[in-house]
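These notes are about the structure you will find just below.
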Amino acid sequence: MTDYLEITTRKLDLEEITQLVNLPECGAISVFIGTTRNNMNGKLVKRLEYEAYNNMAIKEMKKICDQIRLKWSDIRNIAIFHRIGEVQVQQSSIIIAISSPHRKDSLEAVDYCINEFKRTVPIWKKEWYDDSTYVWKENCECIHHEKKISTN
Amino acid sequence: MTDYLEITTRKLDLEEITQLVNLPECGAISVFIGTTRNNMNGKLVKRLEYEAYNNMAIKEMKKICDQIRLKWSDIRNIAIFHRIGEVQVQQSSIIIAISSPHRKDSLEAVDYCINEFKRTVPIWKKEWYDDSTYVWKENCECIHHEKKISTN
Amino acid sequence: MDSISIKVLFFGKARDLVGVGQKDVDILHSNLKANEFLEIIISKFPRLEEIKSSTKLSLNEEYVEMNDVLSLKSGDEIAVIPPISGG
Amino acid sequence: MDSISIKVLFFGKARDLVGVGQKDVDILHSNLKANEFLEIIISKFPRLEEIKSSTKLSLNEEYVEMNDVLSLKSGDEIAVIPPISGG
C-alpha cells in the first residue's frame, strides 16, 4: 500500500503511472485524467501553463491520500501525478490512479481525490488564448471560495 | 461523438484505448480497468478465462452507450473493450474510457457503465485455481439475480 | 404444421453441461412461451435442469422474459444464457 | 526586540503583481494574526490589494486561517496563495 505522488515537468505516462497501482490482489483500477481543453467560454485556448508550490503541494496530496485510506480501508496503491510548465491541448496535466480489490472503492476514491485536489493543492493554471492574452484560473471549489461562502 | 466497442482476444492497450476518447474539446477522461485478481475467498487464482456471446454482447454494450448519452448529454467519446480467452493475473479483462468537457460527467458515466455492463452484457468468466479446479462465476448484480429478487 | 428449426446456443456452464456450444432443435409450434421452450431444451439436455432457475434466454440476440410468448421462425437463434460474469 | 526575517513566497497572480517569486521581509513582532501579516506585505507590495480578499496564506507549508495568531521565528516561510487551479 503505497502513495506515489509527483509534480513533474515531464509528459505524463499513463501506462507507467497505472502500473504503479496494479497489484496482484487488486481487481479494479480507476483512473482520472485531466487534459488541456481547446476552448474556454468561447475563447480558443492555445495552451496551459502550470506552476506549483512544490513542497506544500506534495504535503497536501499526502493528506488527501491519508483521508482516502481512512474512508476506504480497502484501497491499495494511489498514484497522483501533476505536470507543471506548458501543457498543450489534449495533453495530460493530471493523472490519478487508484487500485482496490473491488471496483466501488477505487471508483469512489478517484472521485473524492480529484475533488479534494482541486480544493486544496497549491497549483496554479495560466490559460493562454490565441490572441496571446492569458488569465490565471481559479477552481470554483477551491478552499478560497469556500471561506467566502461559509461566512456569508 | 463515437462509441468504440470491442471484444477481442488480444491484450488490451490502455494508452491506445484512452487515445480513442481524447478529444480537443474535452478536459476530462475517466477510465475503469478490471484486472485479474490472484485470490478469491482464500483460494489462489491462476488465471481467468472469458467467453462471450459476441454479437449480443456488442448490442448490449451499444445500449449502455445510448443510455449514458441520454443521462449525460455532455459525454463525448466512449470506449469499452473486453478481452476474451485467457487473462493472466494483473492483466486487464476490461477497459472503459469516457471523455467529457468537465469531469463530473465522465466520472459518473464510467461508474454507471461498469455497473450496467456487469448487469447485462453476456460474457462469462471461468476462474481457474491453483489446484486445477475451476468455477463459473456469476456477477451478483446480473439481471438473472435481479429477477429473483424482484419476484420475491 | 411443419416443424421449424431453431439454432440453440449454449454458453458458460450451459455449454459445460450440454457438451456442445450449438445445436439445431426442431420444434412443432411457432408460438410458445420462453419457459416452455426452455422445458423442451431441458428434455433434450437433462443436465441443464441444474441451472434452470437461474438461466435466461435470448431470441435473436435480445433478452426475453420467461413469460414472454415467442413468435418463432426457422433460422431464429435462441441462446441459453447462464448468469453473466464479464466486466 | 530584534526584528525577525520571514521568507515570503508569491505564486500565480501574486507573483505577477509583485514581480518576483520570493522576498525576505523583516518584521518586528513574532506574534501577530495572519491578516495583520498580510497587511504588512500589502504595505510593501500595494498591487497585492487587488487579490487581498481571495488570498490565503501558508506558514511553513501549512494553510493558516486569517484569524490565526502566528508564532513566527526567523527563517519561517510564508506563502501568499491566490485561489488555486490545479487538477
Side-chain angles (χ1 to χ4, degrees), chain B residues 7 32-36 40 48-64 80-84 87 92-96 110-111 113-127 134-151, chain C residues 6-25 33-39 41-42 45 47-73 75-87:
Chain B
I7 294 172
F32 178 77
I33 307 161
T35 57
T36 298
M40 171 55 61
L48 302 180
E49 268 181 46
Y50 286 94
E51 68 174 81
Y53 185 6
N54 282 26
N55 286 353
M56 187 179 171
I58 295 289
K59 277 185 174 181
E60 292 295 324
M61 286 156 74
K62 185 77 179 86
K63 286 181 192 172
I64 294 172
I80 310 173
F81 281 57
H82 203 293
R83 190 174 174 189
I84 55 173
V87 184
S92 307
S93 50
I94 184 171
I95 296 183
I96 298 166
V110 162
D111 188 82
C113 184
I114 182 62
N115 289 334
E116 284 299 296
F117 192 103
K118 281 178 174 281
R119 203 176 65 86
T120 63
V121 179
I123 294 178
W124 296 269
K125 176 165 73 179
K126 186 190 282 187
E127 196 166 79
Y134 70 81
V135 164
W136 286 102
K137 304 292 296 180
E138 302 185 1
N139 290 335
C140 59
E141 58 274 81
C142 70
I143 52 178
H144 302 67
H145 299 322
E146 204 166 78
K147 178 72 182 189
K148 284 183 192 172
I149 291 167
S150 72
T151 53
Chain C
I6 303 299
K7 179 177 166 187
V8 183
L9 305 179
F10 304 98
F11 292 101
K13 192 167 185 175
R15 185 167 44 73
D16 274 7
L17 293 170
V18 169
V20 294
Q22 182 179 318
K23 206 83 181 163
D24 286 339
V25 173
K33 282 190 174 182
N35 58 9
E36 292 169 332
F37 185 88
L38 182 59
E39 289 294 341
I41 296 303
I42 290 175
F45 308 103
R47 293 189 63 196
L48 287 176
E49 183 73 38
E50 181 181 323
I51 61 171
K52 174 179 163 185
S53 67
S54 62
T55 284
K56 289 184 78 69
L57 299 180
S58 67
L59 170 57
N60 298 330
E61 303 170 355
E62 294 289 338
Y63 283 114
V64 295
E65 297 296 332
M66 284 298 169
N67 284 332
D68 288 351
V69 174
L70 310 180
S71 184
L72 302 175
K73 60 186 189 305
D76 278 348
E77 180 177 281
I78 289 186
V80 175
I81 300 187
I84 58 179
S85 41

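Computed over heavy atoms, backbone and side chain alike; hydrogens, waters and symmetry mates excluded. Naming: A, B, ... by sequence-line order, numbering from 1 per chain.
When the candidates B:I95, B:I114, B:T120, B:I96 are compared by the number of heavy-atom contacts under 4.5 Å with chain C, B:T120 comes out ahead. Annotation: maximal heavy-atom pairing with chain C below 4.5 Å, among B:E127, B:K126, B:E60, occurs at B:E60.
Taking a cutoff of 4.0 Å between a charged side-chain nitrogen and a carboxylate oxygen, C:K13 and B:E138 do not qualify as a salt bridge.
Heavy-atom minimum distance, B:I143 versus C:K56: CD1-CE, 3.5 Å. The two residues C:F11 and B:A52 make their nearest non-hydrogen contact at CE2-O, 3.7 Å. The two residues C:E62 and B:K63 make their nearest non-hydrogen contact at OE1-NZ, 2.7 Å.
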Can you give the donor-acceptor pairs under 3.5 Å from side chains of residues 79-87 of chain C to other protein atoms, not counting sequence neighbours?
unit_1, atom_1, unit_2, atom_2, d
C:S85, OG, B:K125, N, 2.7
C:S85, OG, B:K137, O, 3.0

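Only the side chain of B:Y134 comes within less than 4.5 Å of a heavy atom of chain C; its backbone N, CA, C and O stay farther away. If you measure heavy-atom distances from C:D16 to chain B, the contacts under 4.5 Å come from the side chain alone. Using a 4.5 Å cut-off between heavy atoms, B:I123 contacts chain C through both its backbone and its side chain. Proximity to chain C (any heavy atom under 4.5 Å) is restricted, for B:Y50, to the side chain, taken from C-beta onward. Only the side chain of B:W136 comes within contact range of chain C, with at least one heavy atom under 4.5 Å from a heavy atom of that chain. For B:R119, the part lying near chain C is the backbone, with the side chain staying farther off; criterion is any non-hydrogen pair under 4.5 Å.
Residue pairs meeting the salt bridge (charged side-chain N to carboxylate O under 4.0 Å, His left out) criterion with at least one partner in residues 75-87 of chain C, sequence neighbours excluded, are C:K7-C:E77, C:K73-C:D76.
With a 6.0 Å radius and a threshold of 12 heavy atoms from other residues, nucleotides or ligands, B:K59 has its NZ atom above the threshold. Heavy atoms from other residues, nucleotides or ligands lying under 6.0 Å from NZ of C:K52 number 12 at most.
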